[in-house]
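Report on the structure given below.
Chain letters run A, B, ... following the sequence lines, proteins first, then strands; residues in each count from 1.
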There are 4 protein chains.
Amino acid sequence: MTGRPRDPAVDDAIRQATLELVADQGYRGVSMEGIAARSGVSKQAVYRRYSSKGEVILDALAAYARTRLPNPDTGDLREDLLTLLEETFAAQRGVPGALNQALAAEALQDADFARRVTETLIRSRRAAVGEILDRARSRGEVTYPDNDILIDLVFGPMWYGLVFDATKLTDAYAAELATAVTTLATSPPN
Amino acid sequence: MTGRPRDPAVDDAIRQATLELVADQGYRGVSMEGIAARSGVSKQAVYRRYSSKGEVILDALAAYARTRLPNPDTGDLREDLLTLLEETFAAQRGVPGALNQALAAEALQDADFARRVTETLIRSRRAAVGEILDRARSRGEVTYPDNDILIDLVFGPMWYGLVFDATKLTDAYAAELATAVTTLATSPPN
Amino acid sequence: MTGRPRDPAVDDAIRQATLELVADQGYRGVSMEGIAARSGVSKQAVYRRYSSKGEVILDALAAYARTRLPNPDTGDLREDLLTLLEETFAAQRGVPGALNQALAAEALQDADFARRVTETLIRSRRAAVGEILDRARSRGEVTYPDNDILIDLVFGPMWYGLVFDATKLTDAYAAELATAVTTLATSPPN
Amino acid sequence: MTGRPRDPAVDDAIRQATLELVADQGYRGVSMEGIAARSGVSKQAVYRRYSSKGEVILDALAAYARTRLPNPDTGDLREDLLTLLEETFAAQRGVPGALNQALAAEALQDADFARRVTETLIRSRRAAVGEILDRARSRGEVTYPDNDILIDLVFGPMWYGLVFDATKLTDAYAAELATAVTTLATSPPN
DNA sequence: TGCTAAACGAGACGGTACGTCAGGTCTTACT
DNA sequence: AGTAAGACCTGACGTACCGTCTCGTTTAGCA
């Protein structure tokens with residue numbers, strides 16, 4: 001039942017090759033064939049681990065996310081949001097951005113995959129913002145009743161940017177967005 | 001000297017086949033090969049008109065957009081936004097939604113195409129919201145200084161939804177979003 | 001120094017699976033992978049015993065041949081040849097025929113293997129005919145000077161048939177061939 | 001209805017590459033992939049013309065055969081047979097021999113293909129010998145009643161040799177075989 | 001020139017078979 | 001009892017083909 005254990009070096013090589021390919025050529029340049037070739041690994045070895053291109057990308061991205069999920073707690077809502085957005089946007093301007101674009105491209109082609117992504121990645125990112133809001137709410141900062149819509153307002157523009165113009169995601173834009181969301185969240189109830 | 005004029009029936013057949021394919025099978029089911037086959041037209045005839053799959057989709061979508069760009073003017077900001085969002089979301093749940101998803105998928109794979117889409121489609125949609133805001137501003141309703149970020153907050157969540165879960169774009173969600181943006185736009189300056 | 005002895009049940013399972021596969025699906029259906037799978041034995045266990053597919057087949061066939069090498073001695077050349085050909089052809093219409101075809105296919109792809117087959121199988125089959133001829137020669141029946149060519153005329157048509165049309169190898173054909181070879185062998189010298 | 005005509009240069013390149021591969025590496029070295037690669041042609045172009053490896057080889061061989069089917073007519077049976085056998089064996093020692101081996105290997109794996117080969121190649125080769133025999137028969141040389149078995153005795157040993165030892169097919173062997181078959185064909189009826 | 005039909009090179013797709021190798025477990029014989 | 005050799009199973013691995021597909025281009029001929 002045991003058999004030869006999977007070679008961790010192979011796992012790493014696949015992930016590494018995926019990162020390189022996405023970074024170099026974007027989603028268009030990524031193929032199962034190409035990943036295998038670049039990583040010096042057989043196609044079998046790739047397909048044994050992942051059933052599709054999307055899974056490879058999702059896993060590569062998850063590996064990133066595992067190491068650094070920002071969860072600032074400065075005691076000030078706007079500051080927290082700003083920190084999170086700046087860090088997140090900074091990442092989106094690099095390799096993780098390309099990975100996210102690839103992920104989105106896959107999700108657009110496969111509803112099932114989209115659901116998997118939501119459950120794997122999106123949920124935890126949303127939870128991070130949720131916690132920031134909840135903390136601020138317990139401090140009495142937040143008056144807006146609905147967390148969900150606030151979270152959509154935080155991430156929606158990011159994906160909008162990723163799809164059509166990733167260069168938009170600057171620190172300045174993070175500041176504007178943080179201000180807007182904070183303003184809304186703390187607006188006096190009518 | 002001019003030669004045989006292009007057959008408009010061919011144009012229509014291509015557009016029609018594109019719509020059908022997107023409607024039936026989503027972006028994954030769309031290919032230049034398939035469009036030609038379904039429309040009963042040669043591949044050459046397609047490539048003579050469009051340089052890529054993206055262009056076909058963009059054109060098919062532009063044809064839609066030309067006919068119905070909502071620009072409500074009820075005299076009330078929230079009402080205007082709500083109307084626009086409801087109409088837009090309704091469309092996104094149908095064929096234009098699938099087209100937009102296809103468009104996004106293409107844009108994610110080709111930065112140049114993304115720019116073209118921005119200039120062709122996105123700009124005019126944003127302008128529509130900009131006009132709504134400007135009218136409200138001239139009525140004294142809007143206090144928030146920055147139109148751009150408000151527009152991002154209107155459209156960002158829509159694309160976010162299109163990528164990961166199109167069913168999210170309900171009338172109820174339109175209402176929540178309209179409320180949120182209106183609240184922010186009309187929040188008292190500090 | 002000694003280690004665990006090889007399990008004879010494994011030997012049997014391999015041979016049995018090989019026979020079944022050849023019988024069911026012919027040479028095309030035979031693969032080392034398949035033999036291992038069908039016999040419920042690991043690939044290692046097969047490769048430990050045989051270095052190639054050809055060796056497996058050769059061994060399976062040798063097991064057959066060991067049990068029944070016809071060597072009729074009726075006191076009449078034609079009768080002897082007829083008996084031998086009928087028995088041989090009868091076998092060729094069954095599993096041993098499929099094995100011989102597989103053997104030929106391997107031999108055609110590997111000259112070394114062809115030589116091994118010649119030394120293992122072909123030589124003894126030829127010897128059997130050689131003895132029939134020698135006995136007839138000692139009775140004064142055979143006048144033709146060259147045994148080798150006579151033996152080629154006995155077996156050549158069989159392989160010709162195995163390659164292109166195994167159904168040809170009927171009793172009637174055995175009779176015609178026995179007659180022809182006998183006629184030649186006993187033809188008056190000029 | 002017309003479409004672009006097939007490029008004859010592609011046909012030639014495929015045939016040429018096939019010949020080279022068979023000559024260099026034998027049947028084992030021949031693959032559809034390899035043929036395409038060596039000929040500098042796409043796999044599609046090969047599959048468009050031939051449904052299998054066997055068809056490629058059959059066609060390459062047919063092209064050979066078309067140019068030189070020996071049909072000697074010296075007025076003497078043995079002389080005719082000898083000429084035909086010498087020429088045929090000479091060819092078998094070269095590229096056509098390797099092609100014939102490849103053909104046989106395919107035929108052994110696919111009964112349908114074997115039938116096709118029989119109808120395409122084998123039949124005409126047998127007919128050539130049949131004509132020689134018929135001419136001799138009309139001269140009163142041949143007394144043996146059955147052409148078919150005589151033809152089997154001519155070709156059987158050749159295929160026997162091709163399968164297990166192609167070096168056997170020398171001029172000396174051709175002479176022995178010609179003598180044997182002539183002797184049988186002209187043996188006095190009993 | 002527009003248009004259809006089909007060929008073409010390129011290369012990804014998902015899969016199979018080859019022969020090898022790495023981790024375990026189990027069986028024998030020699031200490 | 002302890003140890004070492006080797007059989008054996010499971011399953012991973014790189015290599016090489018398989019036959020199919022789509023892409024974007026090209027070539028011929030009809031309208």
#### Entry: CA sep, side-chain torsions, deciding dist, call: A/Tyr27, A/Val22, side-chain contact (heavy atoms from CB on, under 4.5 Å)
CA-CA 6 Å; A/Tyr27 175 65; A/Val22 170; over 6 Å; no
### Task
With side-chain contact (heavy atoms from CB on, under 4.5 Å) as the test, would you mind laying out the steps for C/Gln25 and C/Leu21 before giving the verdict?
CA-CA 6 Å; C/Gln25 311 176 277; C/Leu21 283 171; 3.3 Å; yes
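Salt bridge D/Asp11/D/Arg6: absent, no basic N to carboxylate O contact under 4.0 Å. Residues A/Arg38 and A/Asp24 are paired through a salt bridge, judged by an N-O separation under 4.0 Å between the basic side chain and the carboxylate.
A donor-acceptor pair is defined here as one N or O able to donate and one able to accept, closer than 3.5 Å; no such pair exists between the side chain of D/Glu106 and the backbone of D/Ala102. Within the 3.5 Å criterion, the main-chain N or O of C/Leu162 finds a donor-acceptor partner in the side chain of C/Gln101. In terms of modelled atom types and a separation under 3.5 Å, the side chain of A/Arg49 and the main chain of A/Ala45 share a donor-acceptor contact.
Non-hydrogen atoms lying under 4.0 Å from DNA chain E are contributed by C/Ser31, C/Met32, C/Glu33, all within residues 11-41 of chain C. DNA chain F lies under 4.0 Å from at least one heavy atom of each of the following residues of residues 43-54 of chain D: D/Lys43, D/Gln44, D/Tyr47.
As a whole-Å value, the separation of C/Gln109 CD from E/dC18 P is 12 Å. The separation between D/Arg4 atom CZ and F/dA28 atom C1' is 9 Å, rounded to whole Å. We find that CG of D/Asp110 is positioned 15 Å from P of F/dC18, with the value rounded to whole Å.
For the pair B/Ser42 and E/dT4, the criterion of a side-chain N or O lying under 4.0 Å from OP1 or OP2 is met.
The shortest non-hydrogen separation linking C/Ala13 to C/Ser39 is O-CB, 3.4 Å.
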